[in-house]
**Q** 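Mind having a look at this structure? Questions to follow.
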There are 2 protein chains.
Amino acid sequence: MPHSKREIVLKCARQLFEQDGFHATGIDRILEKSGVAKMTLYNNFGSKDQLIAEVLSRSSHTHIERMKEYILIASSDPYEQILAVFVALGDRFQDPEFCGCMFQAAIAEFPDFDSEPAKAALAHHQRIIEVFFKLCTDANLSNVDQLSRKLALLASGSSCIARQTKTRQPADDALFIAEILLERASISVPTPV
Amino acid sequence: MPHSKREIVLKCARQLFEQDGFHATGIDRILEKSGVAKMTLYNNFGSKDQLIAEVLSRSSHTHIERMKEYILIASSDPYEQILAVFVALGDRFQDPEFCGCMFQAAIAEFPDFDSEPAKAALAHHQRIIEVFFKLCTDANLSNVDQLSRKLALLASGSSCIARQTKTRQPADDALFIAEILLERASISVPTPV
DNA sequence: GAACAAAAAGACAGAACGGTCTATTCTATT
DNA sequence: AATAGAATAGACCGTTCTGTCTTTTTGTTC
């Protein structure tokens, strides 16, 4: 059942957490928005922290899946796919519903990295790096470790700025820089004959 | 008087906000840590939000002042001073007291940009861009607007990653990228004879 | 129609929240 | 020594917080 109570709560909670933050969003507002009884929420998720962690985990997989679909449509060349990531980011930033990266907010609001929400958010960042790592490897670029880390830094930086500007400009800026990095990484180590 | 109650409250509040976040830090914990009566706090700051805004505003000026001192000692060449910014960032990231950039956290926790805390945090980001802008101008670089924006993106990105890693690596990565950007910006528009 | 589980509804707990108020004490300055 | 302003302790307000509990309703399946 696609519209189970569980899914409704997850969707409403996600929206409220994105809009207002995690601590600023009370359980009661999630109940009100989702039209669900309190016990339904607690039977399904156990606690607010676990609900937050589940929201983050779901959102992570959704975002990364969409991202992968986007870059597959954009190009079949991994080099171009890396750049397409930043185009996809730009699209997200100018979406009226965009309120900033949830995972950055979660890491800011949960300084205890052993907490469930923090772990879920940290896992997302790791997945982003892995996506870049794979693309860089497929594109036969040099210094894949460093490069994927730097691309992730650009993505994080642009998301951070976009929370304020809500325009695609930070993504365009990051794309510009990424192009330079890729250019460098593709010529410095020539492919063996 | 350097150790007035006001200053004590500001210092304690800053530490707690940095460690635990703004919403997660209650007034009572600030009172306990600073050993100050509740009315003293409210007579001095009016409300929690105003206290937060004041903490942010003070921290902004402190950080930027220290940054400027740092880069002045590092070099007299504005080109090198830009790079020194990222060295300074690296020093901060590996400081045991570093818990992530307060201003990013504030913007995440206060989505209403008309709120006092958000305004204080946004002002900080603007000041960072202005610092880069002035340095880029002094260094006779091209496309100063875009360039300073991109340097600020690198700074934000590295701060964002450093919240997790707590190492200087994100700053080093950003420095590496900044060097490339500056190199490009210094050769693309040759100085007229 | 009986039986069952899921969900609703809402009272309730206990603590913490931001913030106010009063009455008292401390500490300068004159 | 008198006075004014700052700071104190702590009771108190109403609200909100997460989370628990019980009772009733609903919907589904034998």
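Naming convention: chains lettered A, B, ... in sequence-line order (proteins, then strands); numbering from 1 in each chain.
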**Q** Classify the ring geometry of A:Phe86 against A:Phe132: parallel below 30°, tilted from 30° to 60°, perpendicular beyond 60°.
**A** parallel
**Q** Donor-acceptor pair, A:Gln104 side chain versus A:Ser156 backbone, under 3.5 Å?
**A** yes
**Q** If you count the non-hydrogen atoms of other residues, nucleotides and ligands that lie under 6.0 Å from NZ in B:Lys134, is the total more than 12?
**A** no
**Q** Reading DNA chain C from 5' to 3', where do the contacts with chain B start and stop? Cut-off is 4.0 Å to heavy atoms.
**A** C:dC17 to C:dT22
**Q** Taking 4.0 angstrom as the limit, do A:Glu130 and A:Arg127 come out as a salt bridge?
**A** no
**Q** Is A:Arg29 salt-bridged to A:Glu32, cutoff N-O under 4.0 Å?
**A** no
**Q** Less than 3.5 Å between a donor and an acceptor, one on the side chain of A:Lys38 and one on the base of D:dG19, is that the case here?
**A** yes
**Q** Between P on D:dC17 and CG on A:Leu16, what's the gap in Å once rounded to a whole number?
**A** 12 Å
**Q** Run the salt-bridge test on A:Arg58 and A:Glu7 with the 4.0 Å N-O cut-off and return the result as yes or no.
**A** yes
**Q** Take the C1' atoms of the five end pairs on each side of the helix from C:dG1-D:dC30 to C:dT30-D:dA1, derive the two axes, and give their angle rounded to 10 degrees.
**A** 10°
**Q** For B:Lys5 and D:dG5, what is the distance between atoms NZ and C1' respectively, to the nearest whole Å?
**A** 14 Å
**Q** Separation of A:Leu31 atom CG from D:dG19 atom P, in whole Å?
**A** 12 Å
**Q** Would you mind classifying the nucleic acid contact of A:Asn43 as base, sugar-phosphate or nothing, using non-hydrogen atoms under 4.0 angstrom?
**A** nothing
**Q** If I take atom CG in residue B:Asp28 and atom P in nucleotide D:dA9, what distance separates them, rounded to the nearest angstrom?
**A** 13 Å
**Q** Restricting to non-hydrogen atoms, name the atom on A:Glu54 and the atom on A:Phe45 that form the minimum distance, rounded to 0.1 Å.
**A** CG-CE2, 4.1 Å
**Q** Quick one: are B:Gln164 and A:Leu122 in side-chain contact, heavy atoms under 4.5 Å?
**A** yes
**Q** How close or far is atom C1' of D:dG10 from atom CD of B:Glu32, stated in whole angstroms?
**A** 15 Å
**Q** A:Asp49 CG to D:dC17 C1': how many Å, rounded?
**A** 13 Å
**Q** Measure CG/A:Leu41 against P/D:dG19 and give the value in whole Å, please.
**A** 9 Å
**Q** Mind checking A:Gly46 for me? I need base, sugar-phosphate or nothing, with any heavy atom below 4.0 Å counting as a touch.
**A** nothing
**Q** If you look at every strand shown and take non-hydrogen atoms under 4.0 Å, does A:Thr40 touch a base, only sugar-phosphate, or nothing?
**A** sugar-phosphate
**Q** Describe, in one word, how the ring planes of B:Phe22 and B:Phe17 are oriented to each other, choosing from parallel (under 30°), tilted (30 to 60°) and perpendicular (over 60°).
**A** tilted
**Q** Let me know the distance between NZ of B:Lys48 and P of D:dT16, rounded to the nearest Å.
**A** 15 Å
